[in-house]
Amino acid sequence: PEMQASLNSFYLFL
Amino acid sequence: MLELRLVQGSLLKKVIESLKDLVNDANFDCSSTGFSLQAMDSSHVALMSLLLRSDGFEHYRCDHGNFPMGMKLENLSKILKCAGNDDIITIKADGPGNDTVTFMFESPSQEKIADYEMKLMDIDSEHLGIPEAEFHAIVRMPSSEFARICKDLSSIGDTVVISVTKEGIKFSTKGDIGTANVVCRQNTTVDKPEDATIIEMQQPVSLTFALRYMNSFTKATPLSNTVTISLSSDLPVVVEYKIAEMGYIRFYLAPKIEE
């Protein structure tokens, strides 16, 4: 099974 | 005072059509660099980044430093659909504190001039910092071919595995009815440069993505004959459509990961 990653885990909020 | 005159108004129409399925409302930023937008879909899986550089406008005036204009894209789309494909579009706003923006559409012969005023909204936008990245593989291919592959594969499965090797770029999916694989090999011996498939690979890479988002990105196909797909094994994919002489629209999509 695969899980959808979120962009938040790659990039930081400015 | 903000006043932006875009001779090729159809570009703006196409840009909004390519965004509106993924984003409901967004802040357009106007600065000396240009007219830009960064927005994420509500589930924070996909991010859109648009830049229309100031020098691509016939007239570009933006006196207020960074001036964000919050717009509901569905409403913006309704208004821009009233512009003819050959119309010149001028965007006007008084500046911060004013809650409307005016779009003026001029027919090429100047015989018809229309203006539409739209209410702006306050949007708490979340801005992500995206560092420059080294990609393991960068593939440039005809945008229509990429759109066709995404559409074809989505009739078989929900996700696509994109793999880049020395052999080429492979798009694979599987679903209840079976499996599908499409391989595009590097091909630079074409009559027109935009028909080429060019693969720059530092190391092989393979990532899985939701096809629903990829299909949405391909709504930007009318903006460019080519698309650039940049992949790294530990990063979201970047799907970029260059906007002739003006800038780009980039779509970032987080991968699916093993649980």
Side-chain angles (χ1 to χ4, degrees), chain A, chain B residues 22-23 27 29 36 38-49 66 68 124-133 135 157-162 172-175 206-214 217 230-239 250-259:
Chain A
E2 285 157 336
M3 195 176 70
Q4 176 62 61
S6 160
L7 287 169
N8 306 19
S9 48
F10 299 95
Y11 304 131
L12 291 174
F13 284 104
L14 291 180
Chain B
L22 285 167
V23 186
N27 273 328
D29 292 295
S36 64
Q38 193 202 80
M40 266 190 290
D41 79 301
S42 55
S43 54
H44 287 199
V45 171
L47 180 142
M48 283 52 70
S49 174
N66 192 9
D124 282 331
S125 68
E126 298 159 306
H127 211 83
L128 288 181
I130 301 171
E132 287 287 315
F135 289 99
D158 297 328
T159 60
V160 58
V161 181
I162 303 181
S172 309
T173 192
K174 57 176 184 250
S206 181
L207 286 158
T208 305
F209 300 100
L211 268 170
R212 182 170 76 82
Y213 288 99
M214 285 289 179
F217 302 165
S230 302
L231 295 147
S232 264
S233 51
D234 46 4
L235 284 177
V237 63
V238 185
V239 178
R250 290 180 187 149
F251 299 94
Y252 296 76
L253 178 60
K256 296 230 171 197
I257 50 177
E258 294 290 327
E259 239 175 321

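Quick note: numbers below take in every heavy atom, side chains included, and nothing from hydrogens, waters or symmetry partners. Lettering follows sequence order; numbering is per chain, from 1.
- At a 4.5 Å heavy-atom cutoff, the contact between A:Phe10 and chain B is made by side-chain atoms alone.
- At a 4.5 Å heavy-atom cutoff, the contact between A:Leu12 and chain B is made by backbone atoms alone.
- For the pair B:Leu253 and A:Leu7, the tightest heavy-atom approach, listed with the atom from each and the gap, is C-CD2, 4.5 Å.
- Taking every heavy atom of both residues into account, A:Ala5 and B:Ala254 meet most closely at O-CB, 3.3 Å.
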List, with distances to 0.1 Å, the donor-acceptor pairs found between chain A and chain B - the cut-off being under 3.5 Å and no angle criterion applied.
unit_1, atom_1, unit_2, atom_2, d
A:Pro1, O, B:Glu259, N, 3.2
A:Met3, N, B:Ile257, O, 2.7
A:Met3, O, B:Ile257, N, 2.7
A:Gln4, NE2, B:Ala254, O, 2.9
A:Gln4, NE2, B:Pro255, O, 3.3
A:Ala5, N, B:Pro255, O, 3.0
A:Ser6, OG, B:His44, O, 3.4
A:Leu7, N, B:His44, O, 2.8
A:Asn8, OD1, B:His44, ND1, 3.1
A:Asn8, ND2, B:His44, ND1, 3.2
A:Leu12, O, B:Gly129, N, 2.7
A:Leu14, N, B:His127, O, 2.7

